[in-house]
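Here is how names work: the chains are called A, B, and so on, in the same order as the sequence lines, proteins then strands, and each is numbered from 1.
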Protein chains: 2
Amino acid sequence: MTQLQRRKIPDAAIARLPIYLQILNNLAVTNVLRFSSDELAALAGVNAAKVRKDLSYLGSYGTRGVGYEVTYLIYQIKRELGLMREWNVVVVGAGNLGCALAKFDGFLSRGFPVVGIVDNDPKKIGRTTSSLTVGDVADLKNIVRDEKVNIGVITTSSAAAQSAADALIEAGITSILNFAPVVLSTPSSVSVRHVDLGVELQILSYYEQMRIETGIKSDSSPELSKVGVQ
Amino acid sequence: MTQLQRRKIPDAAIARLPIYLQILNNLAVTNVLRFSSDELAALAGVNAAKVRKDLSYLGSYGTRGVGYEVTYLIYQIKRELGLMREWNVVVVGAGNLGCALAKFDGFLSRGFPVVGIVDNDPKKIGRTTSSLTVGDVADLKNIVRDEKVNIGVITTSSAAAQSAADALIEAGITSILNFAPVVLSTPSSVSVRHVDLGVELQILSYYEQMRIETGIKSDSSPELSKVGVQ
DNA sequence: AGGGCTTAGTGCATTAATTCACAAAGTCAG
DNA sequence: CTGACTTTGTGAATTAATGCACTAAGCCCT
């Protein structure tokens, strides 16, 4: 493969790029043309050196003494993250959360249109939510092929999550966002990200209890979470 | 403060304890009495030494040559995470996601009852979702006091998120779970965890693009996300 | 044209997290 | 009771991430 060797960017930096992108998009809307690493650092709640290092993984796109150009950096981050195109999403599990996500415009607006939602419950199959009709999980393979799905979102019960994952992988999906509170077993060629709301609350619980036990001296808990790392 | 100095547990370990707890609860249901660090490591998808080190932060509760007792470890993890009690949750923002979360039984079942949901939109105030009536965000202070709320969950639009956070903090809340795609500005005495679904998808997008560009040689993306860290 | 000012980029020290690898401590069979 | 076997607990090595502090570059004012 005579392909230009791709820069290896640390995972921790990759997880911050979407946050920067978010902020830069807001700056663009308010017609800000330029920003310095200090400014972005303040807005993102991180260290300025970290911002510069993170951005330097993209290439040397700043100007010393001046800063970075908002629109150009937006372009570069999007390019790096693979956001120059859309990625189609299928939701597996048409419960409360699954339906809420299917309706959620934050997905579409960020370039991740939800092109299908499926379930294994005959009572749910055929129902319509926003503009989608709930399909049969058994048809996943066809849906993935016909709708050119790239990413699977699992919002089933924890009992059904592993078989949902198996079905997605069988259908050729290699990126999964899992909301079910179970650790999925998947080949290492598949990327899985796990969002567990219970886990988030339990982590908060730890720091909250800590504050109570130590008499609210506080200041020991991290400002930002692991989701969208600080 | 003549309090027993609390063991300082690394943040990364704290974020894994809820995952272990999850798995142990499942083991308990299937009447498994004991487990070894190897077994738990396999189930959690992590290294066995990491499991042992994480559990050792709780104290020396294993037996060499034997392993750990399921129920005893569940007890110890819950104690450490502050899960011997319930923590009351209020949801700010009664949109799709907020209502889905208010209904979500995963919160209650893990000891985080949702005791209130509020919004600032007069059209939404007064509506009933599951067993809750949407209150006015202006009453947040009273709700927090009367319902003994410990944790605030923000599911507003990104435009409204900062003022929602300010209102929560003003009402005395020190733990916030934020779903809005903005970085909140908060005093360091407040713990904030940020779950941004768009960010999760964008991270997946990066690794997906990487696989495509490098010709699906794969194996370079992390197995588990930062939310509920590996 | 030049000097002062600002800010990116980065080498290096530090800190945090992970993993290895082994001694210590226990079980169990005979 | 002894010796083989298992598995914990943890120092020490390694790897990853962070943040400092300085150099290099470019702007702007005079």
Colleague: Could you tell me how far apart Asp38(B) (CG) and dT6(D) (P) are, to the nearest whole angstrom?
Modeller: 12 Å
Colleague: Answer yes when Arg193(A) and Glu200(B) have at least one side-chain N-carboxylate O distance shorter than 4.0 Å, and no when they do not.
Modeller: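 Between Glu200(B) and Arg193(A) there is a salt bridge, with a charged N closer than 4.0 Å to a carboxylate O.
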Colleague: Side-chain N or O of Ser60(A) less than 4.0 angstrom from OP1 or OP2 on dG9(C)?
Modeller: yes
Colleague: Closest approach of Ile173(A) and Ile151(A), non-hydrogen atoms and distance?
Modeller: CD1-N, 4.1 Å
Colleague: Between the side-chain atoms of Lys53(B) and the base atoms of dT19(C), is any donor-acceptor pair under 3.5 Å?
Modeller: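 Pair found.
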Colleague: If you check every side-chain atom of Arg16(B), which of dT18(C), dT7(D), dC20(D) has the closest atom?
Modeller: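 Per side-chain heavy atoms of Arg16(B), the pick is dT18(C).
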Colleague: Select one nucleotide: of dC20(C), dG9(D), dA8(C), the one nearest the side-chain heavy atoms of Arg64(A).
Modeller: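 The answer is dA8(C), which lies nearest to the side chain.
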Colleague: Closest to the Thr63(B) side chain: dG26(C), dG9(C), dA21(C)?
Modeller: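 Within the option list, the nearest is dG26(C).
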Colleague: With under 30° as parallel and over 60° as perpendicular, where do the rings of Phe104(A) and Phe107(A) fit, or are they tilted in between?
Modeller: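 Perpendicular: the ring planes of Phe104(A) and Phe107(A) meet at over 60°.
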Colleague: Between atom CG in Asn47(B) and atom P in dT15(D), what is the gap in whole Å?
Modeller: 14 Å
Colleague: Can you tell me which nucleotide in dT27(C), dA17(D), dT23(D) comes closest to the side chain of Pro10(A)?
Modeller: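 From the listed options, dA17(D) comes nearest.
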Colleague: When the distance from CD1 of Ile14(B) to P of dA17(C) is rounded to whole Å, what number comes out?
Modeller: 11 Å
Colleague: Check this one for me: any side-chain N or O of Tyr68(B) less than 4.0 Å away from OP1 or OP2 of dG9(D)?
Modeller: yes
